Amino acid sequence: MLDIELFRENTANLIRADHDKRGISHDKIDRVISLDNEWKNALQKMELARRERNEAARNISEAKKSGDAERADKIMLEVKNIGTAISELDNQANNLLEQRDAIRMTIPNILHDAVPVGADEGGNTVHSLHGSKQEYDFDVRTHNELIEMNNWVELERAAKIAGSRFFFLKGDLARLELALQQHTIDLLTGKGFTFVQPPAMMNRAAYEGVTDLADFEMVMYGVEPDKLYMIATSEHPLTAMFMDEVIEPSLLPIKMVGISQCFRREVGAHGLSDRGIWRVHQFTKIEQIILSHPDDSWQHHEELLQNCIELWDSLEIHYEVVNICTGDMGTVAARKYDLEAWLPGAGSYKEVVSCSNCTDYQANRLRMRYRTSEGNESVHTLNSTAVATSRALVAIMEQNQLADGRVEIPKVLQPFMGGQTTLEPCQW
RNA sequence: GCGGAGAUCGCAUAGUCUGGUAUUGCGCCGGCCUUGAAAGCCGGUGGUGUAAGCCACGGGAGUUCGAAUCUCUCUCUCCGCGCCA
């Protein structure tokens, strides 16, 4: 959510310029500005009424103290009905405020200047290329074929007990998943990130602070009757962790590496490319989070990307870094890089990492500030996938496959697998 | 799950019984002093508004001219009991 101050005076031009870049109309901006003015007027009226009541209350108090019961009774009679008048004015003002903020919540963040302009994902630009396409002297298999021939994943039995798009992970591939976690956490804690394991469920108030509300209904699993939501990523609890707090500036930047199971309904997601374990309802993801001073957030955004590059280079995976364009950005991020890994079986680059600077957009909603000598300012929030293990496994399987269907284990993960160099088939 | 006690500004605390508009300390910021720092002293330090003012005592509702204070309700924390990986 954008700071309301931006809508006032000539700073609203910044929002207008951003909407022009995104190719959307200014209607919502104008609506917020006019509702803000109406609200301020309504608030003024209500405050005057309250002032009157406060004065009366003070006078009654004084009259009683001086023993003038008659005068106290007289004033009490005069202001008998002021309470109902105030609550009516209060309702009017609150109504306007709610309308204003309901619209404000849907207005997207202001994009960084470097974001390329484009209508959709076709407008994304390549930032950098890492590694190169490997040559295979046999017909490459898709990850679906590899997991099936090696008995590494059970989709049908998972569907039987839970539903489609759930999976059992078995044998060496499950061990590799754990190795990926350990390697990633070691690398990031070595860079000063604090390892944090968050709650896997969150309440609605916290959720409204971190996510786009239109996405929310499509993505989240609700847990009844407790009115909780299964987290879609550890980004959400880690970012919301300091909700409603004023953070000591000496604590900034707060760097965290979180791990969690991620739960997504994936409503409407279908298609051949989504078979196997590429797009599933539940997966493990390791996430980098930084809560930063506003002045440092762009530097930290690059730092998060560099960490991803170091991690994925260490796995010897071929991928490209993509600069996400205006039309593909979404509401929360001001700038976003994706890492797209080459999948030889699928014959395309596909998203494995998303690295965003959300500036003060989430922090404004979460009321998450730091202390300055002039008052409290919103912090900036940044998040980046380190590794979503299911997708990383797909990339490793497809890129490192051998003619017989086994898979070479990335060298850096071999120590976590007892020195083993290839993933062997599961017996059942 | 049952019983009891609690939630007050960044932290800690007074005020709650008996309704009259939030106390004090720490921390932090600024100033004085100092070669510099510490200490000491002075001032400032919840939100909003240009301001008068209005709002704010965990959230919501109620009683009242007036609620931190009384009533109801929800959430969370602590203590004891029960159950439990």
Side-chain angles (χ1 to χ4, degrees), chain A residues 1-12 32-33 35-98 100-101 104 197-209 222-229 237 240-254 261 291 293 295 360 363-379:
Chain A
M1 181 167 69
L2 297 177
D3 190 336
I4 189 63
E5 287 300 328
L6 273 179
F7 292 85
R8 295 170 179 164
E9 320 230 349
N10 55 11
T11 45
V32 168
I33 291 171
L35 282 165
D36 186 48
N37 285 325
E38 288 178 51
W39 168 71
K40 283 202 277 191
N41 289 335
L43 191 68
Q44 190 77 199
K45 281 187 197 164
M46 189 217 34
E47 287 186 359
L48 285 174
R50 279 185 164 159
R51 179 185 182 174
E52 206 180 311
R53 184 183 66 182
N54 288 346
E55 273 171 14
R58 257 192 304 272
N59 290 336
I60 291 164
S61 173
E62 278 167 25
K64 282 192 173 178
K65 273 178 191 162
S66 65
D68 189 349
E70 205 175 305
R71 178 160 164 258
D73 286 344
K74 184 166 168 275
I75 304 170
M76 285 201 303
L77 204 65
E78 278 169 12
V79 292
K80 183 84 182 149
N81 295 319
I82 201 166
T84 49
I86 288 171
S87 72
E88 269 172 38
L89 291 167
D90 194 28
N91 285 340
Q92 284 169 21
N94 280 336
N95 208 330
L96 290 163
L97 189 66
E98 271 172 36
R100 184 196 79 180
D101 286 343
R104 186 156 69 110
Q197 298 194 21
M201 298 181 208
M202 245 166 74
N203 62 37
R204 176 126 200 170
Y207 243 110
E208 288 183 348
V223 180
E224 293 297 340
D226 297 289
K227 303 238 165 41
L228 292 170
Y229 298 87
M241 190 173 177
F242 289 83
M243 179 170 84
D244 284 325
E245 291 192 38
V246 179
I247 302 169
E248 285 298 333
S250 61
L251 278 177
L252 299 175
I254 298 173
Q261 295 286 309
L291 308 181
H293 190 287
D295 293 347
D360 62 0
N364 285 337
R365 285 190 187 178
L366 291 166
R367 297 164 303 280
M368 206 155 69
R369 300 143 295 159
Y370 69 99
R371 188 186 316 288
T372 78
S373 50
E374 278 96 48
N376 299 328
E377 295 279 339
S378 288
V379 298

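Here is the naming used below: chain letters follow the sequence lines, and residue numbers restart at 1 for every chain. Every value quoted in this text rests on a predicted model; they were computed, and no experiment measured them. The analysis underlying the following values was restricted to heavy atoms, covering all of them including side chains, and did not include hydrogens, waters or symmetry mates.
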Restricting to side chain to side chain donor-acceptor pair (under 3.5 Å), what partner residues turn up for A/R104, sequence neighbours left out?
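A/R104: side chain to side chain donor-acceptor pair (under 3.5 Å) contacts with A/D101.
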
Pairing residues for A/N37 by the side-chain contact (heavy atoms from CB on, under 4.5 Å) criterion, not counting sequence neighbours:
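If we apply the side-chain contact (heavy atoms from CB on, under 4.5 Å) test to A/N37, skipping adjacent residues, the hits are A/I33, A/K40.
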
Does the side chain of [Y] come within less than 4.5 Å of [X]'s, by heavy atoms?
{"X": "A/E52", "Y": "A/V79", "value": "no"}
{"X": "A/V379", "Y": "A/F242", "value": "no"}
{"X": "A/R71", "Y": "A/N59", "value": "yes"}
{"X": "A/E245", "Y": "A/M368", "value": "no"}
{"X": "A/I4", "Y": "A/V32", "value": "yes"}

Can you tell me, in whole Å, how much space there is between the [atom1] of [N] and that of [M]?
{"N": "B/rC55", "M": "B/rG66", "atom1": "C1'", "value": "16 Å"}
{"N": "B/rU48", "M": "B/rA67", "atom1": "C1'", "value": "22 Å"}
{"N": "B/rA22", "M": "B/rC72", "atom1": "P", "value": "27 Å"}
{"N": "B/rG44", "M": "B/rU63", "atom1": "P", "value": "40 Å"}
{"N": "B/rU21", "M": "B/rG25", "atom1": "C1'", "value": "23 Å"}
{"N": "B/rG47", "M": "B/rC57", "atom1": "P", "value": "15 Å"}
{"N": "B/rA7", "M": "B/rC17", "atom1": "P", "value": "14 Å"}
{"N": "B/rU18", "M": "B/rU23", "atom1": "P", "value": "24 Å"}

Between [atom2] on [N] and [atom1] on [X], what's the gap in Å once rounded to a whole number?
{"X": "A/K227", "N": "B/rC76", "atom1": "NZ", "atom2": "P", "answer": "13 Å"}
{"X": "A/L96", "N": "B/rU48", "atom1": "CG", "atom2": "C1'", "answer": "17 Å"}
{"X": "A/N376", "N": "B/rC9", "atom1": "CG", "atom2": "P", "answer": "14 Å"}
{"X": "A/Q44", "N": "B/rU48", "atom1": "CD", "atom2": "C1'", "answer": "12 Å"}
{"X": "A/R51", "N": "B/rA51", "atom1": "CZ", "atom2": "P", "answer": "14 Å"}
{"X": "A/M46", "N": "B/rC55", "atom1": "CE", "atom2": "P", "answer": "7 Å"}
{"X": "A/E47", "N": "B/rC55", "atom1": "CD", "atom2": "P", "answer": "7 Å"}
{"X": "A/I4", "N": "B/rG49", "atom1": "CD1", "atom2": "C1'", "answer": "14 Å"}

With the criterion being N/O to N/O and under 3.5 Å, what pairs connect the protein with nucleotides 63-68 of chain B, and how long is each?
from   : atom 1 : to    : atom 2 : distance (Å)
B/rC65 : OP1    : A/K80 : NZ     : 2.9
B/rC65 : OP2    : A/K80 : NZ     : 3.3
B/rC65 : N4     : A/K64 : NZ     : 3.4

Look for any protein N or O under 3.5 Å of an N or O in nucleotides 11-19 of chain B and output each such pair with its distance, or none.
none

Is the A/H293 ring parallel, tilted or perpendicular to the A/Y370 ring (thresholds 30°, 60°)?
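Plane angle between 30° and 60°, so tilted.
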
Run the salt-bridge test on [X] and [Y] with the 4.0 Å N-O cut-off and return the result as yes or no.
{"X": "A/R204", "Y": "A/E208", "result": "yes"}
{"X": "A/E55", "Y": "A/R51", "result": "yes"}
{"X": "A/E47", "Y": "A/R50", "result": "no"}

What's the separation between atom CH2 in A/W39 and atom CD in A/E98, rounded to the nearest 0.5 Å?
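The CH2 atom of A/W39 sits 12.5 Å away from the CD atom of A/E98.
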
Approximate separation, where rounding is to 0.5 Å, of A/M241 CE and A/L366 CG:
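With rounding to 0.5 Å, CE (A/M241) is 13.0 Å from CG (A/L366).
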
Over all heavy atoms of both residues, which pair between A/R8 and A/T11 is shortest? Give the atoms and the distance, please.
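Minimum heavy-atom contact is O-OG1, 2.8 Å.
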
Between A/A363 and A/S378, which heavy-atom pair has the shortest distance, and what is it?
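Looking at all heavy atoms of both residues, the shortest contact is CB-CB, 4.1 Å.
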
Between A/L43 and A/S61, just flag the one whose closest nucleotide in RNA chain B comes earlier from the 5' side.
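Result: A/S61.
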
Residue closer to the 5' end of RNA chain B, A/K65 versus A/R8 (nearest nucleotide)
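Its nearest nucleotide being more 5', the pick is A/K65.
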
RNA chain B: stems of at least 3 consecutive Watson-Crick or G-U pairs whose donor-acceptor distances fall under 3.5 Å:
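Consecutive-pair runs (3 or more) involving RNA chain B: B:1-7 with B:75-81, B:10-12 with B:24-26, B:27-32 with B:40-45, B:46-48 with B:53-55, B:58-62 with B:70-74.
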
Please list, pair by pair, any protein nitrogen or oxygen found under 3.5 Å from a nitrogen or oxygen in nucleotides 26-31 of chain B.
none

Counting side-chain heavy atoms from CB outward, which of B/rC54, B/rG49, B/rG47 is closest to A/E5?
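The listed nucleotide nearest to A/E5's side chain is B/rG49.
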
Does a side-chain N or O of A/N54 approach OP1 or OP2 of B/rG53 to a distance below 4.0 Å, or not?
no

